[in-house]
Amino acid sequence: MSAPTHQAASAGPRVSPRARDAKRFIVGIAAIAALGGALFGYDTGVISGALPFMEDHFGLTSLGEGVITSALLIGAAFGSLIGGRMSDALGRRNSLLWAGAVFIGGAMAVAVSPGVPVMTAARFVLGLAVGSASVITPLYLSEIAPPHIRGRLVSFNSLMIVSGQLLAYLINAVLARWEAWRWMLGLAALPAVALFVGLFFLPDTPRWYISKGRRDEAARVLGRTLPAEDVPAELARIDQARELEAGARRGGWQQLRTPWVRRLLLIGIGLAAVQQITGVNAVVYFAPKILASTGLGTGAAITATIAVGAVSVLATAIGMALIDRVGRRPLLITGLAGMTVALALLGASFHLPHSAAVSALVLGLMVLYMAFMQATLNTGVWLLLAEMFPLKVRGLAMGAAVFVMWVVNFAVALVFPVLLDAIGAGATFWFFGAMCVLSLIFCKWYAPETKGLALEDLEHELRKAAGAEAVGGGGGGCGLD
């Protein structure tokens, strides 16, 4: 009689078939929806390997490099606005379908572009899809995830972004020996097709269904992610949030005039700017150019960039594991402190004589900077932007914040190669270090803490916190400490 007892004890707690089905459903949603993040990462990262060959092929100047690189980013800025509004009107899933179709067409157009004007226009169109996906994917995941795993599930999108960048670096390194830069760019069409097809098998989010009065469909989706006994309470919580909003002024733009919502929007815009002004995409887009400036050859510089992508993936996975335990604000503040130190050392390293050792040092400091960035700031900001806005304006407000993120990204990408030529890499990275210090102060004062709360409960707490600060004259942000 002891053997069966031993087997039962060693098997651990039994998982119900419903729980297993819910887990499979959530994993499937994450895998398909986050392909939008992978495409975002690939299309932004691939330019680092293609650019040196495009420079020779098209005879690009430093300004020309900035224009081609940043064309995607200005498209992404407008795409984020379009995506936010479209996700509120058409639904999160249908909007991702649109983005997937544009990803396919844009990737093919970029790959066959005959000259700089067509290439610039094609990358702008591709940017529309990148910007839309950058808003809709974390929004979709945050609204469909149960509260206890929302941080990890939304952060999975960040993991897919850096995984897409790593994939781009690997493909760049393989194809660089043949100078096949058109293939580098065009291969993005393959995951775009997978995203487009996979989305036909996904539902929309319960919160969007309820916002359109489709309560039965919302209940069906909640029934696949939560225990049956929790579904009525979750529906009631979402309904209560909707009723509160119905009593306020109608219309998305009118809602943004509400003082507490406007305050949250300004904080969100600030967080979006912080993520970019600290220099991450100067490394993502121009890592081979930075390494080549230390005396490393083009092929070796492209291959060395793989280290940046690999560490970014590992660091993002660490950030995913920490964010629901440590919280959003502590990660942001710790990461910005580490980034400041790494950038200060990186700037100093460019004042050393060119040598293989200096090239290795620069690569190591770039990797250190990216580790802090991806584990903390990148993971935390995307999650906060998906969580912190009320349902009625969530798509619109997140779209506005991400628009600013892409505009700052555009400015950095356009100016960075010109700055390298004008003032040198050392002073440029010291400038980004100074931006990290200012960003740390901003996050210390204003970044909210959203860990562990359902979106509707979080909305209630943020409304109270922002209202109290408006009465008290500010001074502590929306920390919810």
Output yes when a side-chain donor or acceptor of [X] lies under 3.5 Å from a complementary backbone atom of [Y], and no otherwise.
X    : Y    : result
N409 : L73  : no
H354 : S359 : no
S70  : F410 : no
T379 : T376 : no
S132 : A129 : no
T334 : L331 : no
Q374 : A315 : no
R328 : G380 : no
D88  : L396 : yes
R207 : E143 : yes

Where do [X] and [Y] come nearest, in terms of heavy atoms and distance?
X    : Y    : value
V358 : P353 : CG2-O, 3.0 Å
P138 : M398 : CG-CE, 3.4 Å
A371 : V311 : CB-CG1, 3.8 Å
L365 : A342 : O-CB, 4.3 Å
V308 : M370 : CG1-CG, 3.7 Å
T137 : G36  : OG1-CA, 4.1 Å

Can you tell if the side chain of [X] reaches within under 4.5 Å of the side chain of [Y], non-hydrogen atoms only?
X    : Y    : answer
Q275 : L271 : no
M184 : E179 : no
F25  : T225 : yes
L190 : L187 : yes
T428 : I423 : yes
N172 : S48  : yes
I302 : F53  : yes
L346 : Y369 : no

Measuring from atom [atom1] of [X] to atom [atom2] of [Y], what distance do you get when rounded to the nearest 0.5 angstrom?
X    : Y    : atom1 : atom2 : value
L139 : E387 : CG    : CD    : 11.5 Å
E65  : L414 : CD    : CG    : 11.5 Å
R177 : L175 : CZ    : CG    : 9.0 Å
M388 : S142 : CE    : OG    : 12.5 Å
L153 : I144 : CG    : CD1   : 9.0 Å
R329 : L332 : CZ    : CG    : 8.5 Å

Query raised in the report: Any chance the side chains of S134 and W382 put a donor and an acceptor closer than 3.5 Å?
Result: no
Report task. Decide yes or no on side-chain contact (heavy atoms from CB on, under 4.5 Å) for V412 and F432, but give the supporting numbers first. Result -> CA-CA 10 Å; V412 170; F432 288 132; 4.0 Å; yes
Query raised in the report: After noting the C-alpha distance and the side-chain angles of V112 and V118, does the key distance pass the side-chain contact (heavy atoms from CB on, under 4.5 Å) rule?
Result: CA-CA 9 Å; V112 300; V118 176; over 6 Å; no
Query raised in the report: Sequence neighbours excluded, which residues qualify as side-chain hydrogen bond (donor to acceptor under 3.5 Å, both in side chains) partners of R325?
Result: none
Requested in this report: Identify, with sequence neighbours excluded, every residue that meets salt bridge (charged side-chain N to carboxylate O under 4.0 Å, His left out) alongside R123.
Outcome: none
Query - Residue pair S95, S87: steps toward the side chain to side chain donor-acceptor pair (under 3.5 Å) verdict - result: CA-CA 6 Å; S95 300; S87 70; 5.3 Å; no
Measure the acute angle between the ring planes of [X] and [Y], then classify it against the limits of 30° and 60° as parallel, tilted or perpendicular.
X    : Y    : value
F58  : W181 : perpendicular
Y446 : F442 : tilted
F78  : F124 : tilted

Query raised in the report: Is the F40-W406 ring centre distance short of 6.0 angstrom?
Result: yes
Query raised in the report: Looking at Y285, F286, F431, which one forms a ring pair (Phe, Tyr, Trp, His ring centres under 6.0 Å) with F416?
Result: F286
**Report entry** Candidate pair L377 and F372, rule side-chain contact (heavy atoms from CB on, under 4.5 Å), full reasoning
**Finding:** CA-CA 8 Å; L377 194 64; F372 277 112; over 6 Å; no
Report task. Only pairs at least two apart or in different chains count here, so list each ring-ring contact (aromatic ring centres under 6.0 Å, His included) that has a residue in residues 323-346. Result -> none
**Report entry** Derivation and outcome, side-chain contact (heavy atoms from CB on, under 4.5 Å), residues L384 and V381
**Finding:** CA-CA 5 Å; L384 281 171; V381 168; 5.7 Å; no
